[in-house]
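Handing you this structure, nothing more for now.
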Amino acid sequence: MMTSEEMMRFPEEMRPSLRMVEQSRNDRVAAVRRGESYPSLSLTDREAWLEEFHPDYSYGGRRALRVGPSRGMEVPVELAELLESKPRRIVQQLRRIEVEKRVDVLVIGGGGAGTAAAIAAAEAGQSVLIATKLRHGDSNTLMAEGGIQVADHECDSPLQHFLDVLGGGHFTNDRDLVEILVTEGPLVLRWLEEQGMQFDKYPTGRMKVRHGGGTSRQRLHSAGDVTGLEMMRVLQDHAESLETIETLPFHAAIELLTDERGRAVGALLEQVGKNRVMAVQAKSVVLATGGFGRLHVQSFPTSNHYGATADGLVIAYRAGLPLRDLENSQFHPTGIAYPESKTGLLITEKFRGLGAQLLNRHGDQFVFSLEPRDVTTAAIIRECKEYDNGVATPSDGRGVWLDIPMIELLHGRGTIEKEFPGRFKEFMHRGIDLRTMPLLSYPTLHYQNGGVSITPDAGTDMPGLFAAGEVTGGVHGKNRLMGNALLEILVFGLHAGRSAALFSQEMGEGGYPGLSHLEAFLSDLDERSVNTNVTAPSLLPSYGPVEWPLTGINGDRRDNDDLTGRFS
Ligand code: MEZ
């Protein structure tokens with residue numbers, strides 16, 4: 001129970017609702033102890049709720065691409081604008097830039113996937129350059145909280161994991177990729193342990209595993225609520241210990257370079273914040289640039305790091321690479337809705353994995369807490385919008401309670417501090433004690449489900465170009481389940497690094513690095529009369545002060561005319 005002083009930290013209008021949450025808590029805890037849970041939705045209801053309430057289905061939220069290899073495919077309008085944009089500089093200028101560096105494998109992106117690829121390529125005997133837009137490690141990997149899914153316990157199996165991934169993705173996933181993901185999971189887990197990653201364990205040394213949304217078994221392995229940070233720590237240490245890996249921070253790829261036979265042979269890198277571009281020539285290239293959360297699809301807040309601006313998608317698309325599964329974006333059900341200075345910040349699904357329930361303003365449950373992510377998101381929006389059962393924030397946003405204090409009652413005192421050291425300390429500094437105070441949450445843009453199509457060896461349609469991580473599509477289909485991103489970046493990051501190394505060794509140096517693909521793309525824009533003033537990749541989001549609530553927080557649907565007007 002909150003003290004009266006704690007209660008006073010919430011706006012007056014929220015307090016009656018908080019009292020109802022507290023009043024119903026003991027009964028809800030008792031029900032959990034009896035093994036009772038809120039009923040899971042039928043498949044038919046899931047589909048209906050998604051159709052009606054998930055932002056992916058909002059009118060006007062997407063539009064068809066007018067140019068490029070995936071012309072006709074629907075993507076979020078914010079992304080379409082970037083995919084149909086002009087380069088940051090005129091092509092004639094770009095063409096004159098001379099090669100400053102030569103390397104066997106160029107890895108673009110210094111998050112988990114890029115670093116794993118660099119390690120694999122270096123260990124296969126290649127010289128590697130990691131070009132990274134921010135500092136090495138600054139990425140969504142670092143910010144991942146809840147954990148990594150791996151089927152390594154007796155009651156589980158890669159087959160069970162395979163079925164869960166397909167079910168979560170509405171059976172739209174590339175099954176060959178999923179098979180690799182789940183079968184190589186246990187190997188990757190061992191690899192991380194060997195590098196010194198500190199997973200949560202019982203005193204016997206057995207790894208703790210938890211449920212995530214949409215999983216039939218407990219298979220989420222975590223390091224407190226800072227799993228990605230801990231993973232990035234060991235990957236960075238490993239990479240730095242290899243002499244053949246060089247890292248170039250604050251250098252963002254603004255175009256790929258291709259030779260006369262259409263092979264990837266390097267990239268143009270812009271020094272962030274400086275008017276300086278350099279060319280790097282490579283025998284093969286790995287694209288691992290991450291996702292697009294900072295595009296704030298449909299004006300939703302985001303849990304993503306500052307550099308998540310879709311740069312990799314932009315340069316790959318211009319170079320003729322087809323994209324897939326970008327119709328659907330992932331909104332994490334529990335971003336912060338209050339305090340509003342933290343809007344969009346991730347509140348890990350692990351809280352729900354340990355029993356925290358989602359409650360409306362009457363203190364009632366309205367959905368099983370561990371439905372797949374897209375379903376839980378739709379349920380929250382439905383509860384706030386359709387039934388007006390959300391709790392209003394001072395800026396007239398809406399949210400539902402995540403009843404975190406239940407965790408202490410279910411698992412004993414000290415659990416929150418131990419299992420969630422990151423968020424516990426962060427909120428404690430702001431006078432919010434998660435052991436006694438629920439958090440108000442609302443969906444936040446979290447993950448780019450799709451991207452560049454890849455093959456099982458992380459190859460793309462362009463010889464010499466490999467890709468891994470959030471920039472790719474196929475593994476998760478239309479909807480990723482929690483914990484499969486940290487697994488994917490390692491499994492396919494390692495594949496990408498090994499494949500790139502093999503390609504470099506077998507194919508040797510490519511031809512002269514050029515930009516004919518870009519010229520072809522610009523002609524395509526011209527021929528289809530697509531006029532745009534947008535230049536990309538944008539490298540960083542361009543905001544000044546953000547005004548809350550963003551439209552997404554109210555779940556507003558926009559109508560088509562509003563949006564199409566912006567592109568004509
Ligand atoms: O995979 C994720 O996105 C994840 C584990 C997020 C979280 O809730 O912690």
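Reckoned from all heavy atoms, side chains included, excluding hydrogens, waters and symmetry mates. As the structure is a computational prediction, the values presented were derived from the model and not from experiment. Ligands are counted one by one from 1 in listed order, and the atoms in each one are counted from 1 as well.
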Is it the case that the side chain of Q330 and the backbone of R373 share a donor-acceptor pair, with hydrogens and angles ignored and the cut-off at 3.5 Å? no

Could you tell me whether the side chains of H495 and E184 share a donor-acceptor contact shorter than 3.5 Å? yes

Of all the atoms in ligand 1, which lie at a distance below 4.0 Å from a heavy atom belonging to M482? 1 (O), 5 (C)

Carboxylate-amine/guanidinium contact R25 D403, below 4.0 Å: yes

State the atoms of ligand 1, each with its element, that fall below the 4.0 Å cut-off from a heavy-atom position in G483. 1 (O), 2 (C), 5 (C)

Can you find a side-chain donor-acceptor pair between T215 and D164 that sits under 3.5 Å? no

Looking at Y202, is K208 sitting on its ring face, NZ or CZ under 6.0 Å from the six-membered ring centre and within 45 degrees of the normal? yes

With rounding to the nearest 0.5 Å, note down the distance linking CG in N449 to CZ in R324. 11.0 Å

Regarding ligand 1, does G146 bring an N or O atom to under 3.5 Å of one of the ligand's N or O atoms? yes

What I want to know is whether R480 and ligand 1 share at least one N or O pair that is separated by under 3.5 angstrom. yes

For the 3.5 Å polar cut-off, considering only N or O atoms, please tell me whether H446 and ligand 1 meet it. yes

Determine whether more than 12 heavy atoms belonging to other residues, nucleotides or ligands lie under 6.0 Å from atom CZ of R413. no

Can you list the atoms of ligand 1 that are under 4.0 Å from a heavy atom of G147? 5 (C)

Side chains of H170 and N328: do they bring a donor and an acceptor to under 3.5 Å? no

May I ask you to check if ligand 1 and H332 share an N or O to N or O distance below 3.5 Å? yes

Between R373 and ligand 1, which part of the residue brings a heavy atom under 4.0 Å of the ligand: side chain, backbone, both or neither? side chain

Number the atoms of ligand 1 from 1 as they appear, then name those within less than 4.0 Å of a heavy atom of E349, with their elements. 7 (C), 8 (O), 9 (O)

Counting from 1, what ligand 1 atoms have a heavy atom of E145 closer than 4.0 Å? 9 (O)

Atoms of ligand 1, numbered as shown, that sit under 4.0 Å from any heavy atom of T348: 7 (C), 8 (O), 9 (O)

